[in-house]
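Read the structure below first, then the notes.
Every chain is numbered from 1 and lettered A, B, ... according to where its sequence line falls, protein lines coming before strand lines. Please read these numbers as outputs of a predicted model, since none were measured by experiment.
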Amino acid sequence: MSDGIKKFMFVNTKAPYGTVYALESLEVVLISAAFDQDVSLVFCDDGVFQIMDKQNTEASGMKNFSNAYKALGDYDINKLYVEKESLEERGLTLDSLMDLTYEDEDDDWAEKPSINLVSRAELADLMDQQDVVISS
Amino acid sequence: MKFTLLINEGPYQHQASDTAYQFAKAAIEKGHEIYRVFFYNDGVNNATRLAVPPQDDRNITERWAELAKEHELDMVVCIAAAQRRGMLDADEAGRQGKDADNIHPAFRISGLGQLVEGGIQADRLLTFGD
Amino acid sequence: MAMLHTVNKSPFERNSLNSCLSKSKEGSTILLIEDAVVGALKGTKVAEQMAAAIANKNVCVLGSDLNTRGFAETDILDGIKIVDYAGFVDMVAEHSNVQSWL
């Protein structure tokens, strides 16, 4: 197994800014792109708040790192799973989130959405298929 | 079997580092290998050589250092997370123009790639956090 | 091989146990460690939810964390297995992957 490609899943369950986990988890994700592994990201529970559109940190003085999520597509990280139930519980829809896309090299570089809306049950199946799950 | 352990919380404030230590010890006793212990987030604070816990309490950093010495553990502190929190080894202190360093010699500073590589090389990666 | 899930926070403080229960598959194993051990106790408001989990998942608790917090084997729900750190290690080795619900 150690020479093959592993399935890495980063599970984001915490809101950004209140703690550093979202930012530092994203830093690991960006580094992981250099290792040619099968990388996916999950946003569930309060993790869905990480990819809210229109984050404005001007007055709070926090570092706004939300643009880095938009760069994921350029790093060939285009499997982003958002849990439907988590959005609903928080009164959100996909429209509340950033428009995250990637260019599909197998389809004449067509721009495609990176975000996949999945149910809780589908998410459980996806997690089950991973080799490495890193949550925060 | 090979394990990589990821520790995301500092000493004393959370039990994460204690649980990871007990896990590592038990794994070694059972004949498994700890491929790497990676310290991230506030977990980098486990590597301070300057902590002085009360005598009736465990010394978390020294305990890790002793286990590492005994079993040649590779204990890696994330450089980016460490710099953010003022954790520097002598080389890094020199490079950054700081007048002191605080990382215990049992730990080494390196990049986040070491965590990903730890996940690739080990049979299991296990996270201890909050 | 099924998946191992660990939970380390009290269900009376955080949602992580609930999150784990709702996103773990039948036949998987859930290990309660650190403050999450109180989720294994009898007579709590989550006891019913735990009983439902025990019916189709393997629920275990780290005995040392239970004892550390003043609880004994007799305080926990029937069907929850007590393990030590060596047992924890075995569980990680015997499952296909591990997710820590933080």
Report every donor-acceptor pair between chain C and chain B with a separation under 3.5 Å, backbone and side chains included.
| unit_1 | atom_1 | unit_2 | atom_2 | d |
| --- | --- | --- | --- | --- |
| C:N8 | ND2 | B:G129 | O | 2.9 |
| C:K9 | NZ | B:D130 | OD1 | 2.7 |
| C:R14 | NH1 | B:D130 | O | 3.0 |
| C:R14 | NH2 | B:D130 | OD2 | 2.9 |
| C:E34 | OE2 | B:T19 | OG1 | 2.5 |
| C:D65 | OD1 | B:Q15 | NE2 | 2.8 |
| C:R69 | NH2 | B:Q15 | OE1 | 2.7 |
| C:D90 | OD1 | B:K30 | NZ | 3.1 |
| C:D90 | OD2 | B:K30 | NZ | 3.1 |
| C:V92 | O | B:R124 | NE | 3.0 |
| C:A93 | O | B:R124 | NH2 | 3.1 |
| C:H95 | O | B:R124 | NE | 2.8 |
| C:H95 | O | B:R124 | NH2 | 2.6 |
| C:S100 | OG | B:T127 | O | 2.7 |

Give me the contact list for residues 36-56 of chain C versus chain B, heavy atoms only, anything under 4.5 Å, ordered by residue number.
->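 Within residues 36-56 of chain C, near chain B: nothing under 4.5 Å.
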
Residues forming a side-chain hydrogen bond (donor to acceptor under 3.5 Å, both in side chains) with C:K25, sequence neighbours excluded |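 With neighbours one apart ignored, the set is A:D125.
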
To the nearest 0.5 Å, how far apart are CZ in B:F128 and CD1 in C:I33?
->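 With rounding to 0.5 Å, CZ (B:F128) is 6.5 Å from CD1 (C:I33).
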
Which pair of non-hydrogen atoms, one from B:A26 and one from C:A86, has the smallest distance, and what is that distance?
->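 Looking at all heavy atoms of both residues, the shortest contact is CB-N, 3.9 Å.
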
Listed by chain and number, what are the side chain to side chain contact (heavy atoms under 4.5 Å, CB included) partners of B:A100, not counting sequence neighbours?
->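 Scan of B:A100 (side chain to side chain contact (heavy atoms under 4.5 Å, CB included), adjacent residues dropped) gives none.
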
